[in-house]
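The structure appears below as structure tokens.
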Amino acid sequence: MDHFEYRGDELYCEDVPLARIADEVGTPVYVYSTATLERHFLVLRDALVAAGVRGERGGDPLIAFAVKANSNVAVLRTLARLGAGADTVSEGEIRRALAAGVPPEKIVFSGVGKTDAEIAFALRDGVAEINVESEPELQTVSRVARDLGVRAAVAIRVNPDVAAGGHAKIATGKSENKFGVSFAEAERLYAKASNDAGLRPVGVACHIGSQITDLAPMEAAFAKMRGLVERLRGEGLHVERLDLGGGLGVPYFNQPTPPSPADYAAMIARVMNGLDVAFAFEPGRVIAANAGVLVAKVTHVHVRPEGRRFLVLDAAMNDLIRPAMYDAFHDIRPVRPRDGEPLVYDVVGPVCETGDTFTRDRALPPLDGGDLVAFMSAGAYGAAMASEYNSRLLVPEVLVKDSGYAVVRPRPTYEDMLARERPAPWL
Ligand code: PLP
């Protein structure tokens, strides 16, 4: 459930008409709903707790929001206030999580190519755990930790070799993907880390893909993870944490319905029954996707002589790359629908790439220049993946709460954009 709905003939975010934000902040603009972010976090947490899935010392499991999905500090702070941790993949993301008030002991540092400097930063700031993705990285973490005179808490990320995820580009759990190590490798590395003065292995982790709408591959992967914990313990090794990653899909309009958080939690409780370990999760999309929309304005409608009708927007692939990158489907709703029979449109942006096409042959209520549309389910992997391609200004972000809103990332000016660059001395 989200808090974007029509009231009369007007699309609202909570108690704020989207048209008001478009008027006052301009378009394109991302708009997030506080109530929806909070609801999605709490529904997931409560489902896990109700199913008996526990964290450290029998408390709540760690729900480390995947910062890559939505890295706006105000969004992170909204979740941190409810007790969320942060799953991060760069020093920048760790800094964002800390700036949002996420305690270091709730920050997980993942990613396949952490640099020495990033590892040192994470260790100095006391992040909870570094999820190590390969043997060379384990060696690097050990060296950097010993140089700093500390023991790094590490989890070994396993690649369970299970196919899952809504699109090949977001599947991460097959052995041909770059993420994690095999089960046999994990056992060897865990034993090795246990005898390393720079390392303190605390657990194992996996993340098999994103936008997963079927529990079966997750269940298969999680059962294998349980087996790994038991084998490691059987070898006398100490395992306190099991990080099951993110990946739960969301109900994008017209797409397969994902399992509910309650079904997800029940599956985990079933697979892990009796396993005494502190559970952690790294959800991104399931919390943020349906908590945000991208509002854009129709620049004009261009009808080709052969009849193809292009709805040209002021938003482009640099603002929302998911359709170009993953063939992603976003429901598109008029902010103030006009009466009339639906028409079939190709919805495009102004960027000079044919890939700057949000959708083709989409039936929408009639639209004209100046009308506003909202791309639904754009709160995850939307603004976080935006760029300035074509020297378009970085898209702003707005956070709504009840009947008020705040611009939580203003649109930069062209002067800001140009001020970041320097002339070469010979030019
Ligand atoms: N954890 C890791 C290691 C990831 O790579 C990702 C996404 O790519 C996530 C968590 C979040 O995935 P999702 O947004 O599907 O929950």
Side-chain angles (χ1 to χ4, degrees), residues 2 30-34 36-45 62-90 92-100 102 106-112 131 164-167 169-173 179 205 207-213 243-252 255 258 261 264 280-294 319-323 325-326 328-330 375-387 394-395 397-399 408-409:
D2 63 56
Y30 276 93
V31 180
Y32 309 128
S33 153
T34 299
T36 314
L37 286 165
E38 291 180 341
R39 180 174 191 279
H40 290 171
F41 176 82
L42 293 174
V43 164
L44 180 62
R45 188 199 62 191
L62 173 64
I63 302 187
F65 175 66
V67 174
K68 64 171 77 69
N70 188 318
S71 45
N72 187 286
V73 173
V75 168
L76 301 180
R77 190 179 290 275
T78 302
L79 297 170
R81 284 166 65 163
L82 299 177
D87 169 53
T88 61
V89 291
S90 67
E93 287 194 352
I94 298 173
R95 285 179 183 268
R96 283 180 174 278
L98 292 170
V102 180
K106 288 188 178 178
I107 298 179
V108 174
F109 187 22
S110 312
V112 296
N131 286 358
H167 187 278
K169 287 187 184 160
I170 50 174
T172 55
F179 305 94
H207 168 78
I208 61 172
S210 202
Q211 187 50 20
I212 301 173
T213 51
D243 177 344
L244 296 176
L248 194 57
V250 297
Y252 289 109
Q255 304 287 293
Y264 173 71
F281 299 88
E282 304 169 355
R285 193 184 307 273
V286 75
I287 290 174
N290 286 327
V293 300
L294 172 65
D319 305 307
L320 177 63
I321 192 107
R322 298 188 66 254
M325 195 159 162
Y326 311 130
F329 182 102
H330 284 271
F375 287 85
M376 308 308 289
S377 316
Y381 307 103
M385 292 175 94
S387 76
L394 201 57
V395 60
E397 294 168 280
V398 160
L399 181 65
V408 292
R409 182 173 77 184

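Just so we're clear, the structure is a prediction, and the values are computed from it rather than from any experiment.
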When you compare the side chain of [Y] with that of [X], does any pair of heavy atoms fall below 4.5 Å?
X      : Y      : answer
Leu394 : Arg409 : yes
Ser210 : Ile212 : no
His207 : Ser110 : no
Gln211 : Thr213 : yes
His40  : Val286 : no
Tyr32  : Asn70  : yes

Mind checking the [atom1]-[atom2] spacing from [X] to [Y]? Nearest 0.5 Å is all I need.
X      : Y      : atom1 : atom2 : value
Asp87  : Phe109 : CG    : CZ    : 10.0 Å
Leu248 : Phe281 : CG    : CZ    : 10.5 Å
Leu76  : Arg96  : CG    : CZ    : 7.5 Å
Lys68  : Thr88  : NZ    : OG1   : 8.5 Å
Leu399 : Ser33  : CG    : OG    : 8.0 Å
Arg81  : Glu38  : CZ    : CD    : 8.0 Å

Which pair of heavy atoms, one from [X] and one from [Y], lies closest together, and at what distance?
X      : Y      : value
Pro258 : Pro251 : CG-N, 3.6 Å
Val108 : Glu282 : CG1-OE2, 4.1 Å
Phe375 : His330 : CD2-CB, 4.0 Å
Ala66  : Gly284 : CB-CA, 3.9 Å
Asn72  : Ala74  : OD1-N, 2.8 Å

(message) As a quick check of understanding, evaluate side chain to side chain contact (heavy atoms under 4.5 Å, CB included) for Val408 and Val73, giving each step before the final call.
(response) CA-CA 8 Å; Val408 292; Val73 173; over 6 Å; no

(message) Tell me if a side-chain donor or acceptor on Arg77 pairs with a main-chain N or O of Ala99 at a distance below 3.5 Å.
(response) yes

(message) Test your reading of the model: is there a side-chain donor-acceptor pair from Lys106 to the backbone of Gly83, 3.5 Å cut-off?
(response) yes

(request) Let me know which of Leu294, Asn290, Val293 forms a side-chain contact (heavy atoms from CB on, under 4.5 Å) with Met376. (result) Val293

(message) Checking Phe41 now: which residues fulfil ring pair (Phe, Tyr, Trp, His ring centres under 6.0 Å) with it, not counting sequence neighbours?
(response) none

(request) For the pair Arg39 and Leu37, evaluate side chain to side chain contact (heavy atoms under 4.5 Å, CB included) and give the outcome as yes or no after the intermediate values. (result) CA-CA 6 Å; Arg39 180 174 191 279; Leu37 286 165; over 6 Å; no

(request) Using the side chain to side chain contact (heavy atoms under 4.5 Å, CB included) rule, take Val102 and Val67 through it: C-alpha gap first, then chi angles, then the decisive distance, then the call. (result) CA-CA 11 Å; Val102 180; Val67 174; over 6 Å; no

(message) If you apply the rule side chain to side chain contact (heavy atoms under 4.5 Å, CB included), what do you find for Tyr30 with Val398, and how did you get there?
(response) CA-CA 6 Å; Tyr30 276 93; Val398 160; over 6 Å; no

(request) Tell me, please, which residues at least two apart from Ala384 pass side chain to side chain contact (heavy atoms under 4.5 Å, CB included). (result) Ser71

